[in-house]
Amino acid sequence: MDPAAVSPSSSCSSAWLLVLLGALGTALLGAAHKLGLIYQLWHKTEPKSTRHGGELVAEVLKAHGVRYLFTLVGGHISPILVASEKLGIRVVDTRHEATAVFAADAVARLSGTVGVAAVTAGPGVTNTVTAVKNAQMAESPVLLIGGAAATLQKGRGALQDIDQLCLFKPLCKFCASVRTVRDIVPTLRRAIAAAQSGTPGPVFVEFPINVLYPYHLVEKELGFKETPRGPLGGVLNWYLCNHLRNLYAGAWETRDFSPLPVQVPQATAEQVQQCVELVSRAKKPVMLLGSQVTLPPTPVEKLREALEALGIPCFLGGMARGMLGRDSPLHIRQNRREVLKEADLVILAGTVCDFRLSYGRVLSRRSTIIAVNRDRALMLCNSDIFWKPRMAIQGDAGSFLLSLSQGLKSYSPPQDWATSLKDGDQRKEKANREKSEEPTEQHLNPLKLLHHVDNLLPENSLLVADGGDFVGSAAYIVRPRGPLRWLDPGAFGTLGVGGGFALGAKLCRPDSEVWILYGDGALGYSIMEFDTFVRHKTPVIALVGNDACWSQISREQVPLLGSNVACGLAYVDYHLVAEGLGGKGFLLCRQDETFMDNIILGAQEACRQGHPTLINALIGRTSFREGSISV
């Protein structure tokens, strides 16, 4: 046939046919890929293997240096718990899922590695939301492992089946649901690296129950029929068989479990040099250190040496409390607002201009301000309104301070400035001591109690803060003895962290005397964890400032609105609750004031003997905290 005689309509039909065949081929390849058919051609399934996905989870955790796994047990996650224990990871079960996350948060902050909690599906996962948000705002690298309904049962009314990822995507740096056993290792490695990179934070990995249990158990649950009825039954049987084979295809092949590189932003040499020049010209420099300075890769002891070499007066907040020890001449604890108005240079190292710094209003527009933070948005918070940095450096604050110290080896800040600030500090602390001797209408003066506790704390003590009014007073009086010896919730101001933080702290620092400074309101969230302390042999001391009130709220609510509604509590015998849970309890009230030290020493001795201990201190009201922030 003459090619010229072929009609245009025939050519178009042929082209459309090719397009349709191509589209069909692409669709078939896509379906084959989605069903795992292509992967199964090159990777085998081992139906007779008794191994399970929980073992892979445990191997990844072990390879990343995880020593503790906090949990509240549930059938969805049992394989992870069992396998972790077999590999020598200590599994610590708590009485509430939030406590498990708080404990993991504490481990992350104190150890420099990721903290890990595992909770069961549905309500187990939802119970952790507040704790995960707290970790996000505290910039703490926490891995939350959540159980989930089987992949084929999602959206079909399975037990405790909800869309869990939608809860955590706004809170976590990384969220994933593992779909096959072979995905467990790479997903966890990426999650752990994400938690520690950049600005640290929580990550969430969901494990459907069928990726964790052995092949033969999952096969049994799928309910295959040996003789399916009709074509539809045959197709359904094939689909289930293929789903099972794909679930375990390549599951037990050799894999790399080692940690992925962690990315930490750093200040450039040029930025550091510019800051060296600014600091060297300052007459009244001051530094504000936030929690970020305690993050890896900078060891806290090296940072302390660098700060002492710089000689610049410092205010310490969050996890940075205690960085300079108990009595450093560089540590300024009082009169921050007045000092910041007078300073000619301010370094914000991991410190954010949020409500804690009156959104930046406490900074003087005449001051040269250097801001260093891993997170650009936090670094510049409110800078368009109340303050403006001369230098804004997105980088690790601890490493920056080390480099700054190296560049300022010949620098010596004006001594009269540091001396005047310390003198003001001592005058304020003297006034606080005088307030501690003022009698209250009833019960103990809380300031006097806190001064006595501070005098009796050993050098190895570690303090956990969980409360409002009582803890706010403690922050001015009780002095952490060194770096990483203070734990508080952070910017979110979460109540209920005490039990979990203390649990994680005691495990990380078994030789430390761990104290929880509780308000009586906050104690209600985690007093049941005394059972956990007893079962897991983690003796801590809880000091409860019991004023039978949500005092931080009542102080403003009553004069502003004329009512104490919902603020009143009772003088509960919390010491007896602790004893009922297997601990030791001590009551401290006004008639015991003369013997206050003896009671505190008795609690310390009971703790040294292995008993979780609670001091129920009945306290009165003072004017010390008037004007403090409650909203």
Side-chain angles (χ1 to χ4, degrees), residues 333-335 355 427-456 463-479 488-489 493 495-496 498 515-525 527 541-577 585-597 599-600 603 614-631:
R333 292 158 54 89
Q334 314 287 344
N335 308 312
F355 69 93
R427 285 194 297 272
K428 190 69 173 282
E429 290 182 359
K430 182 183 177 184
N432 290 344
R433 282 198 171 275
E434 290 171 356
K435 277 182 177 288
S436 72
E437 296 301 326
E438 295 174 0
T440 52
E441 286 187 20
Q442 59 175 343
H443 304 304
L444 297 167
N445 184 317
L447 306 182
K448 185 170 187 177
L449 168 65
L450 290 166
H451 277 296
H452 278 257
V453 169
D454 183 56
N455 291 336
L456 294 173
L463 305 171
V464 172
D466 187 9
D469 200 67
F470 183 65
V471 168
S473 298
Y476 283 94
I477 294 170
V478 181
R479 294 165 291 179
D488 64 28
L495 295 181
W515 283 73
I516 317 172
L517 305 177
Y518 270 126
D520 55 334
L523 174 68
Y525 289 92
I527 192 169
I541 303 173
L543 173 66
V544 184
N546 186 356
D547 61 359
C549 187
W550 296 96
S551 293
Q552 187 157 302
I553 309 303
S554 177
R555 178 179 291 108
E556 292 187 356
Q557 181 176 307
V558 172
L560 287 175
L561 301 173
S563 171
N564 198 47
V565 62
C567 294
L569 297 171
Y571 286 105
V572 175
D573 290 333
Y574 295 117
H575 55 294
L576 298 183
V577 177
F586 294 81
L587 177 63
L588 181 54
C589 47
R590 176 169 280 182
Q591 53 262 44
D592 303 315
E593 188 168 358
T594 308
F595 311 104
M596 191 184 300
D597 283 358
I599 292 174
I600 295 169
L614 185 146
I615 303 172
N616 184 17
L618 307 187
I619 59 174
R621 310 283 175 85
T622 74
S623 61
F624 181 69
R625 293 266 296 156
E626 282 184 4
S628 60
I629 295 173
S630 63
V631 291

task: For Leu517 and Val464, run side chain to side chain contact (heavy atoms under 4.5 Å, CB included): C-alpha distance rounded to whole Å, both residues' side-chain angles, the deciding distance at 0.1 Å, then the answer.
output: CA-CA 6 Å; Leu517 305 177; Val464 172; over 6 Å; no

task: Locate the shortest heavy-atom distance separating His443 from Gly620; write the atom from each residue and the value.
output: CB-N, 3.8 Å

message: Against Ile619, only a single residue in Asp547, Val544, Asp469 fulfils side chain to side chain contact (heavy atoms under 4.5 Å, CB included); can you say which?
response: Asp547

- line: Heavy-atom nearest pair, Tyr518 first then Gly498, reads OH-C, 3.7 Å

query: Among Asn616, Leu444, Leu618, whose side chain to side chain contact (heavy atoms under 4.5 Å, CB included) with Cys589 holds?
result: Leu618

- line: Nearest heavy-atom approach of Ala548 to Ala570 is CB-C, 3.6 Å

- prompt: Would you say the side-chain atoms of Asp573 pair up with the backbone N or O of His575, donor to acceptor, closer than 3.5 Å?
  reply: no

task: Taking the side chain as every heavy atom from C-beta outward, state whether Thr622 and Lys435 have any pair of such atoms under 4.5 Å apart.
output: no

message: So, taking the atom named CD in Gln334 and the one named CZ in Arg427, what distance separates them when rounded to the nearest 0.5 Å?
response: 11.5 Å

- prompt: Would you say the side chain of Leu543 lies within less than 4.5 Å of the side chain of Ile516, judging by non-hydrogen atoms?
  reply: no

task: Over 60° means perpendicular and under 30° means parallel, so classify the ring planes of Phe624 and Tyr476, tilted if in between.
output: perpendicular

- request: Quick one: pull up CD1 in Ile615 and CG in Leu587 and give me the separation to the nearest 0.5 Å.
  value: 10.5 Å

field: Within-4.5 Å side-chain heavy-atom neighbours: Leu463 and Asp488
entry: no

message: Any heavy-atom pair between the side chains of Arg621 and Pro446 that's under 4.5 Å?
response: no

Test applied, side chain to side chain contact (heavy atoms under 4.5 Å, CB included); reference residue, Ser473; option that passes from Asn432, Leu449, Leu450, Val478: Leu450

statement: So CE of Met596 and CD1 of Ile599: to nearest 0.5 Å the spacing works out to 8.0 Å

field: Side-chain donor-acceptor pair present, Ser554, Asn564, cut-off under 3.5 Å
entry: yes

- request: Could you tell me which non-hydrogen atom of Asp597 sits nearest to which non-hydrogen atom of His452, and how far apart they are?
  value: OD1-ND1, 2.6 Å

query: Can you find a heavy atom in the side chain of Asp520 that is under 4.5 Å from one in the side chain of Val572?
result: no

- prompt: Hey, are the side chains of Ile477 and Arg433 touching, using non-hydrogen atoms and a 4.5 Å cut-off?
  reply: no

query: Closest approach of Ala603 and Ile541, non-hydrogen atoms and distance?
result: O-CD1, 4.1 Å

message: What's the separation between atom OG in Ser623 and atom CZ in Arg555, rounded to the nearest 0.5 Å?
response: 8.5 Å

- request: Please examine the side chains of Leu569 and Trp550, heavy atoms only from C-beta on, and report whether any two atoms are closer than 4.5 Å.
  value: yes

Qualifying salt bridge (charged side-chain N to carboxylate O under 4.0 Å, His left out) pairs, either residue in residues 436-450, two or more places apart: Glu437-Lys448, Lys448-Glu593

message: Evaluate Ile600 against Val453 for side chain to side chain contact (heavy atoms under 4.5 Å, CB included), listing each step before the verdict.
response: CA-CA 7 Å; Ile600 295 169; Val453 169; 3.9 Å; yes

message: For a quick test of reading the model, state the closest non-hydrogen atom pair linking Val565 to Ser563 and the distance between them.
response: N-OG, 3.1 Å

task: To the nearest 0.5 angstrom, please state how far the CD atom of Gln552 sits from the SG atom of Cys567.
output: 11.0 Å

